2 protein chains.
Amino acid sequence: MFVKNLFATNMFVTVDGMTGHSDTPRSDTPRSRRERPAKPALTRAGIIAAAVEIMRDEGLRRVTMRRLAEELDTGPASLYVYVRNTAELHAAILDELLGAVDLGPVRAEGDWRERLEAVLTSCVTVLLEYPGLAQSALVARPSGTHYLALIEALLALLDEGGVPAGQAAWGVDLLLQYATATAAEHAAGDRAADTRQEWDAFTRALRGVSGRTHPHIAALAGDLLSGPPPARLSWGFHMLINGISHTPRPETDASSEISPG
Amino acid sequence: MFVKNLFATNMFVTVDGMTGHSDTPRSDTPRSRRERPAKPALTRAGIIAAAVEIMRDEGLRRVTMRRLAEELDTGPASLYVYVRNTAELHAAILDELLGAVDLGPVRAEGDWRERLEAVLTSCVTVLLEYPGLAQSALVARPSGTHYLALIEALLALLDEGGVPAGQAAWGVDLLLQYATATAAEHAAGDRAADTRQEWDAFTRALRGVSGRTHPHIAALAGDLLSGPPPARLSWGFHMLINGISHTPRPETDASSEISPG
DNA sequence: ACCTGAACACCGTTCAAGT
DNA sequence: ACCTGAACACCGTTCAAGT
């Protein structure tokens with residue numbers, strides 16, 4: 001951006017965000033620079049906030065170190081003081097967004113299953129708002145406060161329902177995985193005519209299958225694609241809660257631990 | 001997982017069998033140029049075969065249009081005659097790889113649950129061999145023959161087990177989603193010390209949690225991380241099969257259909 | 001300690017022009 | 001019909017040098 005050089009000398013910036021030359025409006029200033037007379041000091045929180053804003057406006061794909069730096073009137077190198085890499089940035093965005101999940105049902109009245117489903121549905125809804133984020137959420141390992149609060153909420157509800165702790169501990173993984181994957185799928189569908197074609201190809205492949213070679217697909221093709229998404233989602237949650245409740249864990253030596261490798 | 005390298009041999013060969021990496025290791029020649037005296041004509045199959053090879057050697061991240069073009073001694077623009085875009089390329093690779101899933105158990109003797117689990121485990125094993133592919137598999141919509149064969153196999157086993165068709169049709173989605181997501185997680189863990197740090201941060205966050213604010217996590221921290229991966233995977237499959245078998249579908253108007261949007 | 005310019009080593013995709 | 005060079009518009013990350 002052209003404005004960048006106007007601010008290139010950084011000596012005027014102070015902690016409270018005052019610069020020496022907030023004046024001299026220029027007619028050809030790009031809109032994105034409008035209303036931002038002073039360049040605020042970089043902070044991790046500020047960087048993440050800007051990243052969320054870009055994602056909201058332009059999608060996750062545009063949340064790049066360079067685009068973000070541009071938005072913050074600096075060079076990409078500067079961001080690496082606060083963020084280790086792009087993956088960590090995405091994880092931070094994700095945790096930020098998880099703050100919007102409604103955990104109210106945890107302390108509400110009513111059937112624990114319905115409240116559990118409500119929390120999970122809220123989770124999907126939040127993720128669905130930001131195409132692409134859910135996809136990165138599938139591999140990201142956020143460790144922020146909002147993510148922890150979500151896990152705590154799910155465990156509390158399962159506990160209330162009398163689900164054995166061991167099953168709950170392992171089951172939470174599956175519940176979140178399903179919620180995230182569902183959102184990711186729909187987000188992917190959102191993105192473009194591109195993916196629409198991919199999906200069309202898929203449905204065509206399913207329907208075009210020969211009853212001789214693929215009898216079960218042929219018999220069920222309609223069913224494989226059928227059902228309003230909310231009904232499928234709800235069925236999925238019920239199914240998972242049933243499975244988690246009723247499937248005892250195997251006997252293992254208690255303290256072996258998963259490693260990422 | 002340590003087993004991974006045992007499977008590194010090439011099971012998927014090009015149409016005409018020219019893979020170019022069968023023999024004569026050379027110390028100094030760049031590997032990519034070795035053994036390619038004549039430039040073969042471009043074909044879709046040849047392009048995909050080359051892509052699989054690059055993925056095998058250098059990981060999915062390096063399977064780019066440009067890298068692939070280099071491997072095939074041409075310019076990136078040439079590939080667009082055969083492949084619509086990078087996403088389609090990844091989907092094609094995925095389907096190719098799914099050919100390695102062992103569908104033998106479908107027609108074998110024995111308990112249908114165990115055979116179903118065997119097929120799913122084979123699926124995870126195959127995906128685990130190629131870090132990064134599983135991740136793209138979570139959003140890709142392959143419509144190739146191998147993917148269809150896999151779905152048919154799962155449906156056949158569920159049918160044999162007497163699972164109502166409607167539940168089977170919706171459940172297959174979840175089974176594959178779980179298999180893929182599990183592989184993606186471990187593949188991600190594989191990638192780098194980078195991700196290792198992310199994971200360490202996660203476990204530290206879990207353990208560091210206060211028993212006052214997060215009582216359930218505090219009580220279960222060990223359990224959330226515990227268990228040999230194969231035991232967890234197996235429990236997950238049992239749990240899903242139980243849930244699918246025992247959760248009736250809701251009554252809906254039969255023929256509404258999911259759209260990608 | 002924080003910030004920067006500049007560089008290194010890459011990307012996907014398009015398109016007019018060639019064969 | 002297929003293939004290409006060249007261009008457009010981008011990437012992540014590092015690092016020596018500045019303040």
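Side-chain atoms are counted along with the backbone in the values below, which use heavy atoms only and exclude waters and symmetry mates. Chain letters run A, B, ... following the sequence lines, proteins first and then strands; every chain starts at 1. This structure is a prediction, so every number in the text was calculated from the model and none was measured.
As judged by a 4.0 angstrom heavy-atom cut-off over every strand, B/S78 is placed among the base-contacting residues.
As a whole-Å value, the separation of A/D73 CG from C/dC2 C1' is 17 Å. The nearest whole Å value for the distance from the CD1 atom in A/I47 to the P atom in C/dC3 is 8 Å. The separation between A/R61 atom CZ and C/dT13 atom P is 9 Å, rounded to whole Å. Between the C1' atom of D/dA9 and the CZ atom of A/R62 lies a distance of 9 Å, rounded to the nearest Å. In this structure, CZ of B/R44 is placed 14 Å from P of D/dC2, rounded to the nearest angstrom. D/dC10 atom P lies 10 Å from atom CZ of A/R67, rounded to whole Å. Taking atom CD of A/E88 as the reference point, atom C1' of D/dG12 lies 15 Å away to the nearest angstrom. Atom-to-atom, CD of A/E70 to C1' of C/dG5 comes out at 16 Å; the value is rounded to the nearest Å.
Put simply, B/T74 has no side-chain N or O that comes within less than 4.0 Å of OP1 or OP2 on D/dC3. The side chain of B/T86 places an N or O atom within less than 4.0 Å of a non-bridging phosphate oxygen (OP1 or OP2) of C/dT13. Neither OP1 nor OP2 of C/dC15 sits under 4.0 Å from any side-chain N or O of B/Y80.
Checking B/P76 against B/L42, the closest nucleotide of DNA chain D that is more toward the 5' end is the one next to B/L42. Each of A/R66 and A/L79 was assigned the nucleotide of DNA chain C with the nearest heavy atom; the assignment lying further toward the 5' end belongs to A/L79.
D/dT14 and C/dC3 are spaced 14 Å apart, taking the C1' atom of each and rounding to whole Å. For the C1' atoms, the distance linking D/dC10 with C/dA9 amounts to 14 Å, nearest Å.
Annotation: the span from B/Y147 atom OH to B/L94 atom CG amounts to 8.5 Å, rounded to 0.5 Å.
Each of A/R66, A/R62, A/R61 was checked for a side-chain contact (heavy atoms from CB on, under 4.5 Å) with A/T64, and the lone residue meeting it is A/R66.
At a threshold of 4.0 Å, the pair A/E129-A/R56 does not count as salt-bridged, since none of the basic side-chain nitrogens sits closer than that to a carboxylate oxygen.
Pairing partner, D/dA16: C/dT4, with both Watson-Crick or wobble hydrogen-bond distances short of 3.5 Å. C/dC11 is unpaired under the Watson-Crick or G-U wobble criterion, no partner having all donor-acceptor distances under 3.5 Å.
A donor-acceptor pair under 3.5 Å is formed between the side chain of A/T180 and the backbone N or O of A/L176.
Here the side chain of A/Y82 is nearest to one of C/dC2, C/dC11, C/dA6, namely C/dC2. Listed candidates were C/dT13, D/dT14, D/dC3. Nearest to the side chain of B/M65 is C/dT13.
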For this session: Take B/L175 and B/L120, measure what side chain to side chain contact (heavy atoms under 4.5 Å, CB included) needs, and give me the verdict at the end.
Result: CA-CA 8 Å; B/L175 288 171; B/L120 290 166; 3.8 Å; yes
